[in-house]
Amino acid sequence: NAGVTQTPKFQVLKTGQSMTLQCAQDMNHEYMSWYRQDPGMGLRLIHYSVGAGITDQGEVPNGYNVSRSTTEDFPLRLLSAAPSQTSVYFCASSYSIWTGGEKLFFGSGTQLSVL
Amino acid sequence: AQTVTQSQPEMSVQEAETVTLSCTYDTSESDYYLFWYKQPPSRQMILVIRQEAYKQQNATENRFSVNFQKAAKSFSLKISDSQLGDAAMYFCAYPTSGTYKYIFGTGTRLKVLA
């Protein structure tokens, strides 16, 4: 059981480049989400999904795009990378967040630097 | 608006001593859950403990326990018999069941001194 698999672990981009961060879970979780972690700011929600075909914006969605065509996968796309997007990104999932009682399962994170 | 506040950016504790990390939150919900997550230098996020708001009894997991004060909207984490492996960033988190969003505090970095 792999849990939440997030790739790549490290990435360096030039300003204006685009890329996709991959996230896959094999636990049949309904809920998947993307966060960015910046010093002194904790984890901030970028986008989330409550099931295949259903996505919504979080706290800091600008410059990012998501889709959820399958239960397992939830990729995060950076459309035109900017230095302000330099951060550590985490994918996280849970079986259901309907009651709020489910813990999040996290990927191992992606350290992204935009030059 | 729902918020989570951790007012201690950094804390230090001597090995084998006890330390308490503070967390306050704001919500209009009456039934909810609260979490503490640990992030060691490996960057992996690990669940430490979970509290259900309708339960009056404070949650406990081995050396980790919470002091949950619902009326005061306070949710502090107590670590007893601190070990070097407890050194990490600790995040308080509140999942908003109505909007499907987890809200995290800004974190407290815990240093354990040998």
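Numbers restart at 1 for each chain; the letters A, B, ... are given by sequence-line order, proteins then strands.
For Q6(A), no part lies near chain B; criterion is any non-hydrogen pair under 4.5 Å. At a 4.5 Å heavy-atom cutoff, the contact between Q111(A) and chain B is made by backbone and side-chain atoms alike. Contacts of L45(A) with chain B are made by side-chain atoms alone, with heavy-atom separations under 4.5 Å and no backbone atom involved. Only the side chain of Q39(B) has a heavy atom closer than 4.5 Å to any heavy atom of chain A.
Using cut-offs of 30° and 60° for the angle between ring planes, the F104(B) and F91(B) rings count as perpendicular. Classification of the F106(A)-F90(A) ring pair by plane angle, with boundaries at 30° and 60°, yields perpendicular.
For the atom pair S28(B) OG and Q2(B) CD, the distance stands at 6.0 Å (nearest 0.5 Å). Taken from OG in S67(A) to CZ in F74(A), the straight-line distance is 8.0 Å, to the nearest 0.5 Å.
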